[in-house]
Undergrad: 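Take this structure first; my questions come after.
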Amino acid sequence: MSGIGEKLSGGLYGLGWATVKKLPEPVAKALGRKIADIAWKKRGKGVLRLESNLARVVPDATPERLAELSKAGMRSYMRYWMESFRLPTWSRERAAGSFQIKGEDVLKDAIASDRGVILALPHMANWDLAGVWVTRALDTPFTTVAERLKPESLYDRFVAYRESLGMEVLPHTGGAAFGTLARRLRAGGLVCLVADRDLSASGVEVSFFGEAARMPAGPAMLALQTDALLLPVTLWYDDTDVMKGEVHAPVEVPESGTRAEKTSLMTQALADAFAGGIADHPEDWHMLQRLWLADLEERTP
């Protein structure tokens with residue numbers, strides 16, 4: 001959200017709530033592609049950053065291939081928005097039938113256990129749709145965390161939207177969120193966290209596509225503190241209306257080491273799982289912000 005600017009964010013939400021969810025579906029899809037293509041042609045900061053990020057993911061890509069990927073990436077990003085605006089109007093059956101996930105039995109077994117479950121995802125495809133599928137197809141509520149957006153009215157609208165889909169939403173800022181998440185997990189609950197970009201500047205350094213980056217320590221720390229299962233999940237679109245996903249193997253807790261060392265190794269395991277999914281579907285990774293340390297250091301005086 002922050003990468004496309006507050007004004008555009010507010011404009012998109014206003015358009016979405018007032019118009020997009022009322023449009024016929026083919027019209028909404030065409031509008032999303034049109035907006036994506038206009039943004040891509042303008043070559044703004046978000047598009048340029050997306051291409052820079054994709055250059056790490058696909059290092060042998062030619063400039064022409066990177067341009068193709070970034071255009072497809074913007075279309076994927078706008079598909080996310082257009083779907084998300086319309087999600088509150090979808091029936092339970094529509095939501096349940098709009099997502100297919102490999103490893104569904106693994107997820108169901110984990111949810112049925114008494115350990116608590118953490119699903120950690122990168123910014124791929126439509127994580128809101130995946131969340132709705134969990135609440136409606138699996139009839140399982142969950143807790144998540146949302147970045148505080150500006151203006152405050154936009155954040156409030158965003159939270160109300162996600163809560164209307166059956167999610168408990170906690171603000172990212174402040175220390176209370178971690179304690180609440182831990183309590184939910186100890187009670188055997190489900191927590192879903194988008195975890196490929198550190199918002200605190202105090203995350204864990206990982207190797208990501210061969211370069212240093214920081215990712216949130218929260219998922220690993222929660223798993224260590226509560227004995228919850230930590231499951232990486234990746235998502236992608238194909239040429240159908242049904243989003244696809246995969247539940248990857250659980251991240252194991254190292255047998256030895258300090259808590260900090262265990263957190264680091266577990267976060268690296270998450271990064272590796274994310275990298276595999278992103279490499280397979282780079283156009284569905286919506287990372288329009290700086291991520292790698294080398295890029296973050298460029299803007300440091």
Side-chain angles (χ1 to χ4, degrees), residues 1 16 32 73 75-112 116-147 158-159 161-170 181 184-185 189-197 216 218-219 228-251 270 273-278 280-287:
M1 290 285 294
R75 287 188 170 188
S76 175
Y77 187 41
M78 288 311 304
R79 176 174 171 176
Y80 157 75
W81 280 107
M82 293 297 160
E83 283 181 347
S84 295
F85 289 136
R86 299 170 66 82
L87 277 177
T89 69
W90 286 12
S91 66
R92 178 178 292 270
E93 293 73 22
R94 170 75 187 275
S98 294
F99 181 44
Q100 294 177 353
I101 188 162
K102 180 181 178 182
E104 181 176 342
D105 289 341
V106 174
L107 177 57
K108 287 180 177 178
D109 289 344
I111 291 172
V117 180
I118 305 163
L119 300 182
L121 307 88
H123 286 80
M124 292 188 76
N126 192 336
W127 47 96
D128 284 333
L129 173 55
V132 171
W133 179 84
V134 167
T135 62
R136 297 184 180 175
L138 302 186
D139 198 26
T140 302
F142 67 88
T143 304
T144 189
V145 174
E147 177 184 0
F158 180 72
V159 169
Y161 151 71
R162 282 192 163 172
E163 289 179 340
S164 75
L165 301 176
M167 311 175 193
E168 179 187 21
V169 183
L170 307 176
L181 294 173
R184 299 291 183 269
L185 292 167
L190 177 65
V191 165
C192 299
L193 301 171
V194 181
D196 57 343
R197 178 169 169 255
L229 287 166
L230 177 54
L231 299 176
V233 178
T234 53
L235 310 170
W236 65 92
Y237 291 126
D238 55 19
D239 57 0
T240 72
D241 290 332
V242 179
M243 186 176 72
K244 305 302 190 296
E246 180 177 359
V247 179
H248 298 267
V251 173
L270 278 181
F274 293 166
I278 292 167
D280 289 340
H281 306 281
E283 67 278 7
D284 290 317
W285 186 41
H286 307 155
M287 186 55 64

Undergrad: For the residue pair H286 and M124, establish whether any side-chain heavy-atom pair is separated by less than 4.5 Å.
TA: no
Undergrad: Quick one: pull up OG in S76 and CH2 in W81 and give me the separation to the nearest 0.5 Å.
TA: 13.0 Å
Undergrad: Which is it for Y77 and E283 under the side chain to side chain donor-acceptor pair (under 3.5 Å) test, yes or no, and what are the steps along the way?
TA: CA-CA 9 Å; Y77 187 41; E283 67 278 7; over 6 Å; no
Undergrad: Give, for atom CG of D238 and atom CE of M243, the distance between the pair rounded to the nearest 0.5 Å.
TA: 10.5 Å
Undergrad: Is a donor on one side and an acceptor on the other found under 3.5 Å between the side chain of T140 and the backbone of L138?
TA: yes
Undergrad: Is there side-chain contact between L235 and F99, with heavy atoms separated by less than 4.5 Å?
TA: yes
Undergrad: Decide yes or no for V251 and L270: does some side-chain heavy atom of the first lie under 4.5 Å from some side-chain heavy atom of the second?
TA: yes
Undergrad: Quick one: OG1 on T234 to CZ on F274, what's the gap to the nearest 0.5 Å?
TA: 9.0 Å
Undergrad: Is it the case that the side chain of T144 and the backbone of C192 share a donor-acceptor pair, with hydrogens and angles ignored and the cut-off at 3.5 Å?
TA: yes
Undergrad: Does the side chain of L121 come within less than 4.5 Å of D196's, by heavy atoms?
TA: no
Undergrad: Looking at CZ of R136 and CG of L129, how far apart are the two atoms once the value is rounded to the nearest 0.5 Å?
TA: 10.0 Å
Undergrad: Do the side chains of D128 and L87 get nearer than 4.5 Å, heavy atoms only?
TA: yes
Undergrad: Kindly compute the distance separating CD1 (I118) from CG (L229), expressed to the nearest 0.5 Å.
TA: 8.5 Å
Undergrad: Does the side chain of P88 reach to within under 4.5 Å of the side chain of L165, using non-hydrogen atoms?
TA: yes
Undergrad: Using side chain to side chain donor-acceptor pair (under 3.5 Å) as the criterion, point out the one residue from K102, K108, Q100 that pairs with E104.
TA: K108
Undergrad: Indicate yes or no: at least one non-hydrogen side-chain atom of L190 is less than 4.5 angstrom from one of P141.
TA: no
Undergrad: So, Y80 versus D284: side-chain donor-acceptor pair below 3.5 Å or not?
TA: no
Undergrad: Determine whether a donor-acceptor pair (N or O, by modelled atom type, separation under 3.5 Å) exists between the side chain of R184 and the backbone of G189.
TA: no
Undergrad: So that I know where these two stand, are W285 and H281 an aromatic pair - ring centroids less than 6.0 Å apart?
TA: no
Undergrad: With a 4.5 Å cut-off on side-chain heavy atoms, are Y237 and E83 touching?
TA: yes
